[in-house]
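First comes the structure, then the notes that go with it.
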Amino acid sequence: MYKKLLTGIAILIFGIASFSICFANNGLQDAADGVRNIVGDAENAVEGAARDISNGAKDITSNMEKGANNVGNAIMNSDQNHNYGRTSTNNGYTATRTSTTDNTFMGMNATAWTWLIIGIAAIAIVALVWYYSMQIRSTDYNGRD
């Protein structure tokens, strides 16, 4: 009797397990398909958004390039119209700009002043390095008493 009861329970558990595996497999397949669909839809949405952003950026840069070209062309046309529309009244005379002021300060131009300042700064740096190095050396000698 005990063996028949044990065999019956084993068959019952096997039967329940086999049906539940089938049901679970169908449920898992449906869930996997649902996840794939959701992921695919999300992928399509992200791809579409990226495409729209890319196209928008391309349109913006294209419009900016066209605008810059239009401004450049307008400036060039304005300059050409300005130069071509003018009549020459100088009869071949060319003028050279001359300066009546001397760009010096105390008799030296800017280049001379620059080199003078650099020279003074270099001398000051060398003097400070020498002074501090002698001070450290003096401290070392005085500290050995």
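Here, residue 1 is the first one in the sequence, and each next residue gets the next number.
- In this structure, Ser133 contributes its side chain and Val129 its backbone to a donor-acceptor pair below 3.5 Å.
- Checked by atom type and distance alone, the side chain of Ser54 never pairs as donor or acceptor with a backbone atom of Ala50 at under 3.5 Å.
- Taken to the nearest 0.5 Å, the CG atom of Asp59 stands 13.0 Å off from the CE atom of Met64.
- From Ile11, atom CD1 reaches atom CG of Leu6 across 10.0 Å, with rounding to the nearest 0.5 Å.
- Rounded to the nearest 0.5 angstrom, Asn73 CG and Lys66 NZ are separated by 13.5 Å.
- Residues Ile120 and Trp113 are members of one and the same hydrophobic cluster, defined by side-chain heavy-atom contacts under 4.5 angstrom among Ile, Leu, Val, Met, Phe, Trp and Tyr.
- Here Glu65 pairs with nothing under the salt bridge (Lys or Arg N to Asp or Glu O under 4.0 Å) rule; sequence neighbours left out.
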